[in-house]
Every structure is written in C-alpha cells, then in structure tokens.
Amino acid sequence: MSDFQFQDMLPLGKDETPYRLLTKEGVSTFEAGGRSFLQVEPEALTLLTREAMRDISHLLRPGHLQQLANILQDPEASSNDKFVAVELLKNANIAAGGVLPSCQDTGTAIVMGKKGQYVLTRGGDEAAISRGVFDTYLTANLRYSQMAALDMYKEVNTGNNLPAQIELYATDGDAYKFLFMAKGGGSANKSYLFQETKAVLNPQSLLAFLEQKIRALGTAACPPYHLAIVVGGTSAEFALKTAKYASARYLDTLPTSGNALGRGFRDVELEQEVLKLTQRTGIGAQFGGKYFCHDVRVIRLPRHGASCPVAIAVSCSADRQALGKITRDGVFLEALETDPAKYLPETTDSDLAGDVVKLDLNRPMSDLRAELSRYPIKTRLSLSGSLVVARDIAHAKIKERLDRGEGMPQYLKDHMVYYAGPAKTPEGYASGSFGPTTAGRMDAYVDQFQAEGGSFVMLAKGNRSPAVTEACKKHGGFYLGSIGGPAARLAQDCIKKVEVLEYAELGMEAVWKIDVVDFPAFIVVDDKGNDFFANINKPSAKK
C-alpha cells in the first residue's frame, strides 16, 4: 500500500498579474484564537464585481492586443487576417472609451471565487457579487441576454442580465481571489465535450481527432481564438470547466509535466503542434488565412480508466476576463489596457492587399444580386445604404406568418437582411454596439424565405449549413460574412440611423431598419453554389 499524499489537481504557480487598487475600504483584520483573520464587507465584493464587469466589457488584456498587432507584422498573414486584425484593434480603441462595449453580446456574467480559510464575510457572498453584476448592466450600455423560463417553453428576459453564474470554493490562505468572465453566446456555444477512449491517446489518433474537431469549430464565435483543449478529467463536467478556465489563460502557470499522483499539466509541445495545425486549415481570422487561433492551451488531466473525456473551448475576439483579489492591503482588479491605440500602427490601404468592392444597397434587389453575381467568394465588400435587421425571434414570427399564408413582409423582399441585435444606445449615438449574430441559427428559414421572395442577401458571421448553399443556388441568393468582433467600431463609424420596423415589443430582437456607410463584409456563399467554408471541414491529407 502507498502512503497517503495529497496534491492539488490543478497546482498553479506564482501570480504575476498586474493589479490596480480599487479601494482599501471594506477590508479589515482581527485576531481570534491566536490567528489573524481578514474581514471582508459585502460592499467590497459588490464594488469589485461592478468594476470587473465594466472593465471587461470595454478593455482587453495587453497580451491579447499585442497578438493582434503581431498579425500585422507577419508576412505569412493573409490580407484578410490583417484586415480583421485592424478592425479589431480599431474596435478596441473605441470600446476603451467606456461608452460602447467591445461586443453587442455583453454576455453571461461568470464569477469564480476562491475564499481562503482565514477570510470571513457576513454571508450572502453570491448576493453581494450578483449586486455588482446588476449595477454594471443597469448603468452601462450593455445588453440583457438572460432569459427566465416561465414554463418549459415560455421565456421572458430578466431585464438586468441576472442570474449570473457564481461558483465559490474554500481554499487555503488569507485572500479572496476571483476570475471574472463575460461569456457571449457565440463563444459559449463553441464549448464541446467528446467522450473518447484510450484509443485516442497516441500522437496520430489524437492529432487526427483534434484536426477534425477544430475544423468543425467554424468562425461563428469570431476568431482569432484562444483555443483550449483538455484531455482527461475525473468527470465530464470537470473537463469542460477546466477547458473554460484554460481558454481564459487562468491555468497558464500549471506545471509542464505530470506525476504519479495525478496532477494536471500543460503539454506545451502539443500546444505548438496544434497551433500549427490550426494555421494549416486556411480558415484564418474569419475569412481565410493563417490566424484562426492566437494560441493554444492543452491540459492533460487524470482520468478513470474506462473514460477519456476531451473538452474543447474558445475565448473569442471579445476576450473578456479579469482576475481580482481582496487581501489585507485592499481590493484589487487586474489592470487591463486603457490605451489600446499604441497597438494600432499607421496602416494604409496598401498594407491590406485586395480590392474592395463598394456596394450601394439603395437600389432594387435584382440589381444588387446581379452585381454580387459578378464577384467570386472571399471578395471584400464595403456596403452603404439601408438594410433590415432581424434575428431568431423575428424569423420565427415571420415563419408563422408564412405558414398562415400571409406572405413575406415587403421589407425582406426589398432589403438585405442583417442578423444582429443591438446593445443599448448611448446618448448622442445613432446606435449601441451592433455586431453580427451567428448566422447558423437562421439556417432553417432560408429556403422557405427565399422561395417566398425574401432574404435573398443575408449578412451575419460564421459558416452556414449545406442547406443554405443549396437554397442560394436554387433561388439566386447570397450570404455575406460580416467581421465578427468589431461591434463598437460598426456602431460609431458605420451605422448612421436606426429605427424599429416591426415587433417593437421584442426589444433588441425587434425588426429594425438601419442605414450604414462603408460597412465591411465578404462574399461567403454565392448564387452558383460556391461556399468559402465548403472545404474547411475536410481534414488535410497530411498527417
């Protein structure tokens, strides 16, 4: 029999995070039983959460911004890679002003805390943290995304973005440490669990498996990604949770080798192999190239002999997370970058190869389709004019009308349709942050809508199903890809007027009409049956 030894399954190294002091109030110490305790008031928890959720909605980590800047200096980066990188850096500069959030989907608030045994609170920690989330979402130009179920099928928006996902753990020490995240639907939907077996645990099988799954990720969650892969795990849910933390780079200080006690570790060599694999796919930063991913984290965990979960998660271009801590010295929050302008070089059109086709949207739909038909997929476009905005609920309502024989609304016959939903509009702005929604959620409507004379030209982000390609070929339609990520930039620079056309009671899910100028897009699916993403899911011959 072996001697008892305890080991943390995820042993983290020294925290080198740069922090800024928020306050020294709400924190005190006292002595009891020969020990020194840290007393934390609920107001300190609320303040830390409120500031964290506000910061991550507008600011990014310096390392993430540097990775975007590096794309512009890489001679192997495609013109599309560089174009997306510039757009995302411009977006970061606008969002840093604290008015427009970096993404219109301001996410589910996720808070993980580790409370040392010498930290005392008055109880109700989750309520105090939730109050911080509530305060930020009600006072900032953020979107409420949380739906409360009244029964199995009927839902209402909670109107304040609560509830948050809050998980608190007991640990050693005299500090209260936190990870704050805002997880939008796009990247959350790209978390996957695969129940595999020992058969995958060899270099050839694992890399072939990962290539297939990585290609299937697509671009709907706005790459370049921070990709996390976890192999193993004491349970399926622990594997998924570890992948989420790894995508936030929370586990970067794990050891780089395992041991007989079963500690988790980073396989840094495999990380580089997988990164090269992502570069070979050709997906790039949304529309072709090298930068599908900024980086890769691969975590190996212990497992039950009869189970081998593999979890995959991403953090997208809205890379929203920050660390926080409460110690004897006060309340601290990770110092995110407040001056992203220094990462944006003086870039001219000559630096971004590829002609841009300017499209006037204020003309008959037949003329617009005829012009689009002249250009191949991947063509860069600049859109100016009026378009209609509709997404999930609006599409469902329009389908109900069609099924009742009431016909297609004229606005979907006359205009391009943009799948999106705005954040709150700040005073003095025409629009709040207004980036694209994942296109795939509307795939089921396309054939019926086009057969009824609507949705001939669609604009959104991410790849579409083969059914959409077939519908466009049959009916003469097009799907244009918008850059996923620069919601603030689009609101400030491209969207000039916003008005509700129908279903005002749906809030951000209403049908809108917007006027845009120089709105960037790409041709993804054309009227001839060509699809930019058609070959993406096919693994390369090289193994």
Side-chain angles (χ1 to χ4, degrees), residues 6-12 107-114 126 146 149 152 163-171 179 181-218 220-221 225-252 254-255 258-267 270-271 274 277-278 293 296-316 321 438 440 537:
F6 173 77
Q7 176 183 252
D8 188 346
M9 199 186 306
L10 294 174
L12 299 181
T108 297
I110 299 173
V111 183
M112 186 271 286
K114 294 182 177 180
E126 289 189 47
Q146 303 310 306
M152 183 57 70
Q165 178 182 320
I166 301 172
E167 299 177 359
L168 303 178
Y169 300 90
T171 189
L179 170 64
M181 303 178 73
K183 199 69 173 172
S187 64
N189 292 344
K190 296 301 179 182
S191 298
Y192 293 107
L193 174 72
F194 306 97
Q195 295 285 22
E196 297 302 308
T197 69
K198 177 70 168 68
V200 81
L201 295 180
N202 64 78
Q204 293 75 29
S205 297
L206 183 58
L207 281 172
F209 169 84
L210 291 177
E211 179 174 3
Q212 179 189 38
K213 302 308 180 187
I214 288 168
R215 287 176 177 270
L217 282 174
Y225 298 136
H226 299 279
L227 174 64
I229 299 166
V230 174
V231 178
T234 49
S235 66
E237 61 270 26
F238 187 72
L240 281 166
K241 188 174 296 186
T242 302
K244 178 175 287 186
Y245 294 158
S247 72
R249 278 83 75 211
Y250 180 73
L251 302 178
D252 276 9
L254 283 176
N259 65 12
L261 295 177
R263 73 184 181 192
F265 64 93
R266 283 180 63 186
D267 188 330
L270 185 55
E271 288 176 358
V274 175
L277 185 158
T278 69
C293 296
V296 177
R297 299 292 182 270
V298 177
I299 310 294
R300 182 66 160 91
L301 295 177
R303 67 183 184 92
H304 185 286
S307 176
C308 186
V310 178
I312 295 178
V314 301
S315 183
C316 65
Q321 58 265 319
T438 303
N537 291 332

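Everything numeric here is computed off the predicted structure, so don't read it as measured data.
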Could you tell me whether the side chain of [Y] reaches within less than 4.5 Å of the side chain of [X], counting heavy atoms only?
{"X": "K241", "Y": "E167", "answer": "yes"}
{"X": "K244", "Y": "Y250", "answer": "no"}
{"X": "L254", "Y": "L12", "answer": "yes"}

Inter-residue atom distance [X].[atom1] - [Y].[atom2], 0.5 Å rounding:
{"X": "L201", "Y": "R300", "atom1": "CG", "atom2": "CZ", "value": "5.0 Å"}
{"X": "R215", "Y": "T278", "atom1": "CZ", "atom2": "OG1", "value": "10.5 Å"}
{"X": "S187", "Y": "M181", "atom1": "OG", "atom2": "CE", "value": "7.5 Å"}
{"X": "N202", "Y": "L207", "atom1": "CG", "atom2": "CG", "value": "9.0 Å"}
{"X": "I229", "Y": "I214", "atom1": "CD1", "atom2": "CD1", "value": "4.5 Å"}
{"X": "Q321", "Y": "H226", "atom1": "CD", "atom2": "NE2", "value": "7.5 Å"}

Inset, instruction - Give a yes or no on whether K213 atom NZ has more than 12 heavy-atom contacts from other residues, nucleotides or ligands under 6.0 Å away. - result: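 Correct, the count exceeds 12.
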Inset, instruction - Indicate yes or no for a side-chain donor-acceptor contact from R266 to the backbone of R297 under 3.5 Å, with no hydrogens or angles considered. - result: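 Checked: no pair found.
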Legend entry - side chain to side chain contact (heavy atoms under 4.5 Å, CB included) between K183 and Q165, intermediate numbers included: CA-CA 10 Å; K183 199 69 173 172; Q165 178 182 320; over 6 Å; no
Minimal non-hydrogen separation, [X] against [Y], with atom names:
{"X": "E196", "Y": "V310", "result": "CG-CG2, 4.0 Å"}
{"X": "P163", "Y": "Q146", "result": "O-CG, 3.9 Å"}
{"X": "Q7", "Y": "N259", "result": "OE1-ND2, 2.5 Å"}
{"X": "G264", "Y": "L301", "result": "CA-CD2, 3.9 Å"}
{"X": "S191", "Y": "A313", "result": "OG-CB, 4.0 Å"}
{"X": "A306", "Y": "R303", "result": "N-NH1, 4.4 Å"}

Inset, instruction - Would you sort out whether F238 and V230 count as a side chain to side chain contact (heavy atoms under 4.5 Å, CB included), showing the intermediate values? - result: CA-CA 10 Å; F238 187 72; V230 174; over 6 Å; no
Legend entry - side chain to side chain contact (heavy atoms under 4.5 Å, CB included) partner of L210, the single match among L227, V200, V274: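 The single option meeting the side chain to side chain contact (heavy atoms under 4.5 Å, CB included) with L210 is V274.
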Inset, instruction - Could you please spell out the steps behind the side chain to side chain contact (heavy atoms under 4.5 Å, CB included) verdict for L270 and V231? - result: CA-CA 12 Å; L270 185 55; V231 178; 5.8 Å; no
Inset, instruction - Output, in order, the C-alpha distance, side-chain angles, deciding distance and verdict of side chain to side chain contact (heavy atoms under 4.5 Å, CB included) for S307 and Q195. - result: CA-CA 7 Å; S307 176; Q195 295 285 22; 4.0 Å; yes
